[in-house]
Amino acid sequence: MPTVSLTVNGKAVTADVDPRTLLVQFLREHLRLTGTHVGCDTSQCGACVVHLDGKAVKSCTTLVLSINGSSVTTIEGLADANGPLHPMQEAFRQNHGLQCGYCTPGMIMAAVDMVNRKGNDLDDHTIRKELDGNLCRCTGYHNIVKSIAAGARAMAGGAGQQAAE
Amino acid sequence: MYNFTFHQPTTLRQAVNLLAKNEDAKLLAGGHSLLPVMKQRLASPAAIIDISRIPELSGVELKGRSVVVGAGTTHSEVANSQVLKDSIPGLAEVPASIGDPHVRHRGTIGGSIANNDPNADYPAAALGLGATIITNKRRIAADDFFQGMFTTALEPNEIITKMQFPIAKKCAYQKFKHPASGFALVGVFVSKRGSDVRVAVTGAGANGVFRVPEFEAALKKRFNAKSLDGLSVSADGMNNDIHAGPEYRAHLVGVLARRAVADANARKD
């Protein structure tokens, strides 16, 4: 079997994989990083969003062999293991930006990518437009949008800061 | 997904050799069209040749009166290219409506053009700008390249390396999105470059992207939405599926062409 080497959440990993292995399968089944979810498996729902070399991608539609040598950040790697939550995670907590929680890891990874691309001052229209690739079947999005706006502002103040409400 | 052997060449020459050596091979760029159909087992290539790590396929470059875009350029790179925003803004705006931000980080312009999905956006832009598709073997005019649904002039051992887009400052794309998939129910790209006026339509035709000569002739006289008054396209040959009937699609072609012309004229040079 071919070999793949990646940096996942700052740690170097190497494994032999079946060529069909998707990035999301590699994360969940080889590395046991089960925070990244599979929702639709058809690149529509965004539950599987992770950062690949700093950009949000759908890990259900990426062969792990394709990205050999790359750096991947998952929801588990956003904050330090025993430290405070990442400001975007904290904002989702403060603003009740989830109900069942299934879409949340993808939402948060997409939200951080949104801040990286669009800055810390995000209006509702921008957030809703940029959430095109993330589906939530519980919340009606209202609190997710609120969470992202607050998380984006908090990220301007440096990591670990409490989300401004 | 059925199994396959995986290859990741780092030069165009290696990729071409692998394509010649492996019968039933498929090229993989961003994978956002190919992987979904492989998951559904609608495609089962024996070999995947991943061309995402080939430097010759990247970059956006101003070259005389045209912009040359590497086939591996992602949708988000096209959207953010300052060169394209300055010289062909109508083209830089096309990817904003493709998929979602995450999809746009992976999907490529070359992949979209090679796939020639009848509802894809870039085929309309390539035909609507009179682009030249450059491969490892030759240069193909967009008019000759698109040959019907999922069918192109590409030969089995041919790889798109670049696309050359002539600079038409007056150009715009208007799309009626399918609300769930985001694909074009109908999309119209219009451009005016000197006396060359083009109107290219995606999504509507049962046989893929096409031009509308009657609209082009009218717009050649005066490039204004009013020039299309009284003109319409026939429902014959329009796509008919659960999403929209042929009459509706034909009507949308007229509506979107007028909007696109108005958009192109509204742009400050």
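Source: prediction; values computed, not measured.
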**OP:** Mark yes when over 12 heavy atoms from residues, nucleotides or ligands other than E23(B) sit less than 6.0 Å from its CD; otherwise mark no.
**Re:** no
Subject >> Most contacts with chain A, counted as non-hydrogen pairs under 4.5 angstrom, among V103(B), I48(B), L35(B) >> reply: L35(B)
Subject >> Residues, nucleotides or ligands: over 12 heavy atoms within 6.0 Å of K21(B) NZ >> reply: no
**OP:** Would you mind checking which part of V49(A) comes under 4.5 Å of any heavy atom in chain B, side chain (CB onward), backbone (N, CA, C, O), both or neither?
**Re:** side chain
**OP:** Go through the structure and list residues passing side-chain hydrogen bond (donor to acceptor under 3.5 Å, both in side chains) with N239(B), not counting sequence neighbours.
**Re:** none
At a cut-off of 3.5 Å, what donor and acceptor atoms pair up between chain B and chain A?
residue : atom : partner : partner atom : Å
M1(B)   : O    : R20(A)  : NH1          : 3.1
Q8(B)   : NE2  : S66(A)  : O            : 2.9
K39(B)  : NZ   : D41(A)  : O            : 2.9
K39(B)  : NZ   : D41(A)  : OD1          : 2.7
K39(B)  : NZ   : C60(A)  : O            : 2.6
D50(B)  : OD2  : S66(A)  : OG           : 2.5
R53(B)  : NH1  : N68(A)  : O            : 2.9
R53(B)  : NH2  : S66(A)  : O            : 3.3
R53(B)  : NH2  : N68(A)  : O            : 3.2
R53(B)  : NH2  : S70(A)  : OG           : 3.3
D100(B) : OD2  : K58(A)  : NZ           : 2.4
H102(B) : NE2  : N134(A) : OD1          : 2.8
H105(B) : ND1  : A56(A)  : O            : 2.7

Original post:
Measuring heavy-atom distances to chain A, does L28(B) have an atom under 4.5 Å in its side chain, in its backbone, in both, or in neither?
Top reply: side chain
**OP:** With a 4.5 Å cut-off on heavy-atom pairs, point out which of L52(A), L65(A), I67(A) contacts chain B the most.
**Re:** L65(A)
Original post:
So which part of L131(A) gets closer than 4.5 Å to some heavy atom of chain B, the side chain, the backbone, both or neither?
Top reply: neither
Subject >> Flag side-chain contact, heavy atom, 4.5 Å: F6(B) against V17(A) >> reply: no
Original post:
So which of P101(B), P36(B), G31(B) has the largest heavy-atom pair count under 4.5 angstrom toward chain A?
Top reply: P101(B)
